[in-house]
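Lettering of chains follows the sequences in order, A, B, ..., and the numbering in each one begins at 1. Predicted model, so just to flag it, every value in this text is computed and none were measured. Keep in mind that the numbers below use all heavy atoms, side chains included, and drop hydrogens, waters and symmetry copies.
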2 protein chains.
Amino acid sequence: MLAEPTRRRILDRLRRSESSVGELVAALGMSQPAVSKHLKVLREAGLVTCRTAAQQRIYRIDLRPLRAVDDWLGPYRRMWTDHLDALERHLDSQE
Amino acid sequence: MLAEPTRRRILDRLRRSESSVGELVAALGMSQPAVSKHLKVLREAGLVTCRTAAQQRIYRIDLRPLRAVDDWLGPYRRMWTDHLDALERHLDSQE
DNA sequence: TGGTCATATGCCTGTCAAGGAATGCGAGGC
DNA sequence: GCCTCGCATTCCTTGACAGGCATATGACCA
């Protein structure tokens, strides 16, 4: 999901402000179908929501699924805040 | 990278303790070549280091690359800690 | 209702990655 | 020196996915 650079770019842009599909197409310099497909993936992953405004679809980011990523990262973050310095010293010493 | 469930399982296991390839094979119930290939990917990504102990290769996690993930997540985390409640209220209201 | 605009979907192709089977390779034990 | 063990690498097949083009859908306007 976040492995796709294009999708991260979409999220980074939607993080600043919601956008229509056309705006994203212009910003990404990609074909419109490609953008729509990425948006579909993001939609099904729950990372974005969309509302219909006239003929446009306005996409907006939904942060909640990212908390799962943050939760997964939690134990690791604890490790490096606790022991990173010691680990670095260890790794440097064995190079 | 982290999109692969198998690799996340490997990391989750190495987070608790370093392991040899054989231990990982047994823990994951996968073929040995498959595990070695995933370890190669993780090695080239800098997420694990390995040392040679007798005939075994002992793999150990390296947390430093995960800080990049954490950094990428930073702006989003700020958003939800600041505004998640408001966003949830907004989304609920428009369902 | 016919036409147009904004978006979604289907079809096609190229690319890439995962997994298994077989094999190569270095370290130890006899 | 040979054989075995632990792991890495190669080859192969299969499946997933990105991107483009063409086309469908759906909302609005004349």
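Between B:R51 atom CZ and D:dC7 atom P there is a gap of 13 Å when expressed in whole angstrom units. In this structure, B:R57 places its CZ atom 11 Å from P of C:dG28, rounding to the nearest Å. Regarding A:L39, its CG atom lies at a distance of 16 Å from the P atom of C:dA6, rounded to whole Å. Atom NE2 in B:H38 sits roughly 6 Å away from atom P in C:dA18 (whole-Å rounding). Atom-to-atom, CD of B:Q55 to P of C:dA27 comes out at 10 Å; the value is rounded to the nearest Å. If you take CG of B:L42 and P of D:dA8, they are 12 Å apart, rounded to a whole angstrom. Per the geometry, OH belonging to A:Y59 stands 15 Å off P belonging to C:dA6, to the nearest Å. If you measure from atom NZ of B:K37 to atom P of D:dT14, you get 15 Å, rounded to the nearest angstrom.
Of the possible donor and acceptor atoms, none in the side chain of A:Q56 sits under 3.5 Å from a partner among the backbone N and O of A:A53. Between the side chain of B:E44 and the backbone N or O of B:V41, no donor-acceptor pair lies under 3.5 Å. Looking at A:R7, its side chain never comes within 3.5 Å of a backbone N or O of A:L2 through a donor-acceptor pair.
Each of A:A54 and A:R7 lies near DNA chain D, and the nucleotide nearest A:R7 is the one positioned closer to the 5' end.
When each of B:L63, B:I61, B:L66 is tested with B:L47 by the rule side-chain contact (heavy atoms from CB on, under 4.5 Å), just one qualifies, namely B:L66.
Annotation: the span from B:D70 atom CG to A:T81 atom OG1 amounts to 10.0 Å, rounded to 0.5 Å. Rounding to the nearest 0.5 Å gives a distance of 10.5 Å between CE of A:M79 and CZ of B:R16.
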Strictly under 3.5 Å: I want the nitrogen or oxygen pairs between protein and nucleotides 13-15 of chain C, one per line.
none

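Donor-acceptor pairing under 3.5 Å is recorded for the side chains of A:S19 and A:R13.
Within 4.0 Å (heavy atoms only), A:K40 reaches sugar-phosphate atoms of the nucleic acid but no base atom.
Taking hydrophobic clusters as Ile, Leu, Val, Met, Phe, Trp and Tyr residues chained together by side-chain heavy-atom distances below 4.5 Å, B:V48 does not share a cluster with B:I58.
Near-neighbour residues of DNA chain C inside residues 11-36 of chain A, defined by a heavy atom below 4.0 Å, number-ordered: A:S20, A:V21, A:G22, A:Q32, A:P33, A:S36.
The pair A:R9-A:D12 fails the salt-bridge criterion, with no side-chain N (NZ, NE, NH1 or NH2) lying under 4.0 Å from an Asp/Glu carboxylate O.
Distances shown here put every side-chain N or O of A:T52 at or beyond 4.0 Å from the OP1 or OP2 atom of C:dT7.
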